[in-house]
Amino acid sequence: MPRQYRTIEEVAGPLMLVRGVEDVAYDEMGEIELPNGEKRRCRVLEINGKDALVQLFESAIGISPEDSQVRFLGKGLDLALAPDMLGRVFNGMGTPMDDAPPVIPEFRRDINGSPLNPAARDYPNEFIETGISAIDGLNTLVRGQKLPIFSASGLPHNQLAAQIARQAKVLGDDEEFAVVFAAMGITYEDADFFVSDFRRTGAIERTVLFLNLADQPPIERISTPRMALTCAEYLAFDLDMQVLVILTDMTYYAEALREISAARKEVPGRRGYPGYLYTDLASIYERAGRVKGKKGSITMMPILTMPDDDKTHPVPDLTGYITEGQIILDRALNNSGIRPPIDVLPSLSRLKDKGIGEGKTRGDHADVMNQLFAAYSRGKDARELAVILGESALSEMDQLYAHFSTAFEQKYLNQSFQEDRGIEETLAIGWELLGMLPASELKRIDQKWIDRYYPTKENTQTEE
C-alpha cells in the first residue's frame, strides 16, 4: 500500500524535505498532491533516519507544506516497453509526445537497469556502416562499441547526429537494426529539426526518440539517457535487434547533475561538478556492449560539447577514460566549409582493427587506412611549413603531400550531410587520392593491394 504523509517540512528550489517517513527507499518515486488536487512527481534522493529528501520533477510553485501531501509509490522510475515503441517520440520521462496513444507494455522495467557481469560481455568485432567516410574509413565504428563525438559550441553536431541515425546499418546479413535517439537540454527548434528530419527521410520507422527540452527540469534530463538505454536493452536483448544509441548532449546532462548536486549542498569537485561524475557517466556508458549468448547488441555514440573547445574539461576528459576512442569535430575545418568537420588525426576508434578486413569490409581496408593517415599527417606538416617558409621552400615531394592533404579534405572528409557513402565508395575515394602519390611512397600497403587497386591505366580498365 502506498504511504501518504502530510509532514512536508521545507521546500527549497527543486528539493523538498519530508519528515517521519517509514520504509521509504532511495530512488523511490512519489506523488505530491496539492490542495487543488493537482499531482506532481518526485523522487527520493536521500534518506536520513526518518527524513526523506526528495527531488521534484516539476515546478515547486504552489506547493504548500501545510496543505500538500506526499504519497510514496514503492517503486523506482520505470519505462513501459513494447515492440511498437519503434517510430514513437517520448519526452525524457517516457511519456508520448507524438499525439499517439500510450504504449501498451509487455514489460515495465526500472530505468537504472542492472549491472552487466563483465565475464558475460562479448568482444565487439563487427562493422557498423555510418555512410560517413571519415568514420567508416579511418575511425571505424564496431558493433557493441562506445564511440563518443567531441564537439563544441557552433559546430554542426546535431546535423551529424541526425545523419548517423538515418544512415547507420549493419552489413552482410538480415539482422534488424534500430536507433534509440536521446536528446537532453535541447531547444524547441532542435527538437523540431530531429523529429521532422527523421519523418522526412523515413528513418523514424526504425527509431525511438526521447527528447528533453531546455525548459524542463534537470531531474528529467538525468532520467533521459537511462530511459533510452532501458529501451535499447529491451530491443537488443529481448527482441534480438542491433541497436545504435545516440545521446546528445552529455554536457547538458552533466550540467543538470551539477545543479542537483549544488542544491543538495554536496562538496564540489573539479569545476563544481560532483565528485561522483566519473561513476555516474560510467553507469550510463557501460550499459552498451554485446552479451554472450545474445544475438542483439548495443552500440553507443554519446555526443558532448566541450566548453571553450577544451579537451581537458571534466566531461570530455572523463568520457575519454570510459569509452573506446573519440571522434573530434574541428572548428578550423568547419570554417573551411568541410562537412562534417571531423579532424581524423586526433580522432581514434580503439576497436577499429577488430571491425575491418576480409569478410567485414574489405581486405585492403587496414592498409589503406594507415597510408591515408600517414600521408595526410605529412601533408598537413608540409602545409604548415609552407605558411612559414613559402611553398617554393618545400621539396617536390613535400609539395605533392601538401596538395594531397588539401585534396583529402575536399574529397574524402567533405561530403554533404545528406550523402550516404558505402564502404566500397569510401575505399575507392581513398585509392583515388593515393593515386596522387608515387606507388613507391605507399610503404604501408601490401604490394598485392597496390597491384590490384592502385589507379594505373590497367587497373582502371579492369574495373571498367
Exercise. Under 4.5 Å between any side-chain heavy atoms of Met369 and Asp353, yes or no?
Worked result: yes

Exercise. Taking NZ, NE, NH1 and NH2 as the nitrogens, is one of them in Asp238 or Arg109 under 4.0 Å from a carboxylate oxygen of the other?
Worked result: yes

Exercise. Using a distance-only test with no angle check, is there a side-chain donor-acceptor pair under 3.5 angstrom linking Arg287 and Thr230?
Worked result: yes

Exercise. Is there a donor-acceptor contact under 3.5 Å from the side chain of Gln326 to the main chain of Gly320?
Worked result: no

Problem set entry | Pair Arg271 + Asp310: basic N to acidic O under 4.0 Å | yes

For this session: Check whether any side-chain heavy atom of Pro438 sits under 4.5 Å from a side-chain heavy atom of Met397, and report yes or no.
Result: yes

Problem set entry | Donor-acceptor contact present, side-chain Gln216 to main-chain Leu213, <3.5 Å | yes

Exercise. Taking it one step at a time, do Tyr412 and Tyr376 satisfy ring pair (Phe, Tyr, Trp, His ring centres under 6.0 Å)?
Worked result: CA-CA 11 Å; Tyr412 195 95; Tyr376 180 50; 9.3 Å; no

Problem set entry | Salt bridge present between Arg452 and Asp364 (N-O < 4.0 angstrom) | no

Exercise. In terms of heavy-atom contacts, does CZ of Phe177 have more than 12 from other residues, nucleotides or ligands at under 6.0 Å?
Worked result: yes

For this session: May I ask you to decide if Ala152's main-chain N or O and Thr305's side chain share a donor-acceptor pair within less than 3.5 Å?
Result: no

Problem set entry | Side chain proximity check, Arg362 to Trp449, heavy atoms < 4.5 angstrom | no

Exercise. Below 4.0 angstrom, N of the basic side chain to O of the carboxylate: do Asp136 and Arg421 qualify?
Worked result: no

For this session: Flag this pair as yes if the NZ/CZ of Arg221 is under 6.0 angstrom from the six-membered ring centre of Tyr253 and inside a 45 degree cone about the axis; otherwise no.
Result: no

Problem set entry | Any donor-acceptor pair under 3.5 Å from Asn414 side chain to Arg339 backbone | yes

For this session: Using atom types as modelled and distance alone, determine if a side-chain donor or acceptor of Asn334 lies under 3.5 Å from a backbone N or O of Pro341.
Result: no

Exercise. Got a sec: does the CD of Glu189 have more than 12 other heavy atoms crowding it under 6.0 Å?
Worked result: no

Problem set entry | 4.5 Å side-chain heavy-atom contact, Gln167 and Thr130 | no

Problem set entry | Met227 and Leu77, any side-chain heavy atoms less than 4.5 Å apart | yes

Exercise. Would the number of heavy atoms belonging to other residues, nucleotides or ligands and lying under 6.0 Å from CZ of Phe404 be above 12?
Worked result: yes

Problem set entry | Heavy-atom check, side chain of Ile445 versus side chain of Leu434, under 4.5 Å | yes

For this session: Please confirm whether Phe150 and His313 have ring centers closer than 6.0 angstrom.
Result: no

Exercise. Around Ile104, counting heavy atoms of other residues, nucleotides and ligands shown, do more than 12 lie under 6.0 Å from its CD1?
Worked result: no

Exercise. Which one of Gln410, Lys380, Arg383 satisfies the side chain to side chain donor-acceptor pair (under 3.5 Å) criterion with Ser405?
Worked result: Arg383

Exercise. In terms of heavy-atom contacts, does CG of Asp308 have more than 12 from other residues, nucleotides or ligands at under 6.0 Å?
Worked result: no

Exercise. Of the non-hydrogen atoms in Ile342 and Leu413, which two are nearest, and what is the gap between them?
Worked result: O-CD1, 3.7 Å

For this session: Please answer whether the main-chain N or O of Met241 pairs with a side-chain N or O of Glu176 as donor and acceptor at a distance below 3.5 Å.
Result: no

Exercise. Got Gln415 and Ser133 here, is their nearest side-chain heavy-atom distance under 4.5 Å?
Worked result: yes

Exercise. So, for Thr224 and Asn212, which heavy atoms are closest and what is the spacing to 0.1 Å?
Worked result: OG1-CB, 3.4 Å

For this session: Measure across Met184 and Tyr252 and return the closest heavy-atom pair with its distance rounded to 0.1 Å.
Result: O-CD1, 3.2 Å

For this session: Identify which one of Arg166, Gln163, Gln159 satisfies the side-chain contact (heavy atoms from CB on, under 4.5 Å) criterion when paired with Gln418.
Result: Arg166

Exercise. CZ of Arg444: more than 12 outside heavy atoms within 6.0 angstrom?
Worked result: no

Problem set entry | Asp381 and Tyr401 side chains, donor-acceptor separation under 3.5 Å | no

Exercise. If you measure only the distance, is there a donor-acceptor pair under 3.5 Å linking the side chains of Ser349 and Gln145?
Worked result: yes

Seminar exercise, completed: When rounded to the nearest 0.5 Å, the distance separating CD1 of Ile186 from OG1 of Thr248 is 8.0 Å

Exercise. How long is the gap from CG on Asn91 to CZ on Phe210, to the nearest 0.5 Å?
Worked result: 9.0 Å

Seminar exercise, completed: side-chain contact (heavy atoms from CB on, under 4.5 Å) test vs Arg226 passes for just one of Asp110, Leu79, Ile284, namely Ile284

For this session: Check whether any side-chain N or O of Asp192 sits under 3.5 Å from a backbone N or O of Tyr188 as a donor-acceptor pair, and report yes or no.
Result: no

Problem set entry | Euclidean distance, Lys360 NZ relative to Arg143 CZ, rounded to 0.5 Å | 10.5 Å

For this session: Output the distance between atom CG (Leu244) and atom CG (Leu147), rounded to the nearest 0.5 Å.
Result: 10.0 Å

Exercise. Taking Glu126 as the fixed residue, which of Lys295, Lys354, Arg290 is the one that meets the salt bridge (charged side-chain N to carboxylate O under 4.0 Å, His left out) rule?
Worked result: Arg290

For this session: Would you check if Glu286 and Lys146 make a side-chain contact, meaning some heavy-atom pair closer than 4.5 Å?
Result: yes

Exercise. Can a donor-acceptor pair be found between the side chains of Ser297 and Gln242 at a distance below 3.5 Å?
Worked result: yes

